[in-house]
Amino acid sequence: MNTILLMILLEPDTYIYIVWGVLLSLTAVLVLAWMYYTNRRKLMWGLSAAMLLLWATFLYGSYVGVNKLEVKHVEVAFDDLPDAFDGYRIVQFSDVHIGTLTGWRHKLMERAIDSINAQNADMVAFTGDLQNKVPDEIFADTALLATINAKDGVYSVLGNHDYPMYLDSLDDMEKYMTLEKRMYIDENIGWRLMMNRYYRIRRGKQSIVIAGMENDGDGVKFPQHGDISYALYGVTRDQFVVMLEHDPSSWKRKILPHSHTQLTLSGHTHGGQLSLFGWSLANLKYKENSGLYNVGERYLYVSDGLSGVVPFRIGAPAEITVITLRKKQK
């Protein structure tokens, strides 16, 4: 217990919370004092209770909720899955935001990687947002990330935070070099980064396609670089395709109408980070924002991810997903 308290006190974010807490508390004291002296005491007690609840929620989400991790198991069955891939296990993780997982929160990443490796996966899929803003955040943990392993390897795509879109002070050449540095990290740790390309995984004479698009967001707030025609160039319609795409909005906008992809894996939404009774603010922007969705026999899984730029989670714990492919029995 003493160790945990010491880690919290040494964490830089703690002092940010303290400053905000002092400012909000002073404001609350002034408001409550005014209510007391103007004889609005019932309202004063109601406001006091509401503020205590908000503070309890804030502290829980910032120090307890962010440290929760779930391993979810999902089975998806297909008519056209090759027989040799019945039972094929894909472990998906997403949205690491490694710049946030520092100090005492770093243990979450270590636990997540231990959990990934414990699944004995056929392949591991990372669906974007390894960093918050710059590749330098990642370098201290490249050795740890390189320990992630699976029989057929680790496949990855970039998320919106992996692009230099939040670095307004850089010129075009500096942004290009920053992106090159970010892409090199995946190669250096042994991941197969898919920038609108695909790989074929074989079992004897049968195979499936693992494809990946660049981030394909709305093109306004989030980069829209996904080129599905290029990503699947040479893939015939009788082949089974698993597509990695960071932004789930691309599924209905581009993947469903312009390909025959059977399974898409995405992240990006973090499950809203605060979810109450299955509803979060992510529902306002994304119809597909957490879990499994389907249109006919074509599926999308949206991971809640591991972290976020803001270290806060309630009702949407960090997740690792074990997706098992099944052949439908006729």
Side-chain angles (χ1 to χ4, degrees), residues 72 74-81 90 92-95 125-129 155-163 165 194-198 208-275 277-305 308 316 319 321 323-326 328:
K72 297 181 180 179
V74 177
E75 285 197 359
V76 192
F78 303 89
D79 284 322
D80 50 356
L81 181 71
I90 301 171
Q92 179 194 7
F93 73 114
S94 191
D95 298 89
F126 174 67
T127 46
D129 277 2
Y155 299 80
S156 64
V157 291
L158 298 183
N160 54 292
H161 279 271
D162 294 311
Y163 293 84
M165 59 177 292
M194 294 183 290
M195 304 284 282
N196 298 320
R197 63 180 298 184
Y198 71 89
I208 62 173
V209 169
I210 307 299
M213 287 202 300
E214 288 199 56
N215 191 86
D216 195 66
D218 55 17
V220 179
K221 187 177 179 181
F222 303 114
Q224 190 177 80
H225 301 311
D227 188 334
I228 195 162
S229 297
Y230 192 74
L232 294 177
Y233 182 77
V235 177
T236 57
R237 296 192 68 85
D238 62 337
Q239 293 176 310
F240 188 90
V241 177
V242 177
M243 176 69 72
L244 310 187
E245 163 53 47
H246 179 67
D247 195 312
S249 68
S250 183
W251 186 55
K252 284 186 175 177
R253 185 180 63 250
K254 190 170 290 185
I255 296 171
L256 286 182
H258 300 296
S259 79
H260 69 284
T261 298
Q262 290 91 334
L263 174 64
T264 301
L265 304 180
S266 296
H268 183 56
T269 66
H270 308 175
Q273 291 189 219
L274 192 157
S275 178
F277 308 107
W279 190 91
S280 73
L281 289 175
N283 291 75
L284 298 177
K285 182 173 176 62
Y286 300 95
K287 291 184 178 179
E288 296 82 28
N289 61 81
S290 177
L292 188 66
Y293 302 87
N294 74 292
V295 172
E297 292 194 0
R298 302 176 68 185
Y299 291 85
L300 165 71
Y301 189 85
V302 184
S303 169
D304 288 351
E319 79 165 77
T321 317
I323 300 170
T324 304
L325 307 183
R326 291 294 184 189
K328 277 189 178 179

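Side chains are part of it too, since the values below use all heavy atoms of this structure and drop only hydrogens, waters and symmetry mates.
Residues forming a side chain to side chain contact (heavy atoms under 4.5 Å, CB included) with Ser249 (at least two apart in sequence, or on another chain): Asp247, Arg253, Tyr286.
Remark: side-chain polar atoms of Asn196 are not paired, donor with acceptor, to backbone N or O of Gly226 under 3.5 angstrom. Looking at Gln224, its side chain does come within 3.5 Å of a backbone N or O of Gly217 through a donor-acceptor pair. At distances below 3.5 Å, at least one donor-acceptor pair connects side-chain atoms of Asn215 with backbone N or O atoms of Asn160. Glu214 contributes no side-chain N or O that, together with a main-chain N or O of Met195, makes up a donor-acceptor pair within less than 3.5 Å. Side chain of Ser280 to backbone of Ala282: a donor-acceptor contact under 3.5 angstrom is found. Between the side chain of Arg326 and the main chain of Glu75, no donor-acceptor pair closer than 3.5 Å is present.
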Start with the C-alpha distance between Met213 and Ile255, add both sets of side-chain angles, then the distance that settles side-chain contact (heavy atoms from CB on, under 4.5 Å), and finish with yes or no.
-> CA-CA 10 Å; Met213 287 202 300; Ile255 296 171; 3.8 Å; yes
Would you please test Asp227 and Lys254 for salt bridge (Lys or Arg N to Asp or Glu O under 4.0 Å) and show each step?
-> CA-CA 9 Å; Asp227 188 334; Lys254 190 170 290 185; over 6 Å; no
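Taking the side chain as every heavy atom from C-beta outward, Met243 and Ile228 approach each other to under 4.5 Å.
Using modelled atom types and a 3.5 Å distance limit, the side chains of His270 and Asp95 yield a donor-acceptor pair.
Taking 4.0 Å as the cut-off between side-chain N and carboxylate O, Asp80 and Lys328 do not count as a salt-bridged pair.
The only member of Ser266, Pro223, Pro248, Ser250 that meets side chain to side chain contact (heavy atoms under 4.5 Å, CB included) when paired with Asp216 is Ser250. Considering His268, Gln92, Glu245 in turn, Gln92 is the only one that fulfils the side-chain hydrogen bond (donor to acceptor under 3.5 Å, both in side chains) rule with Thr127.
Aromatic rings from Phe240 and Phe78 are positioned such that their centres are separated by under 6.0 Å.
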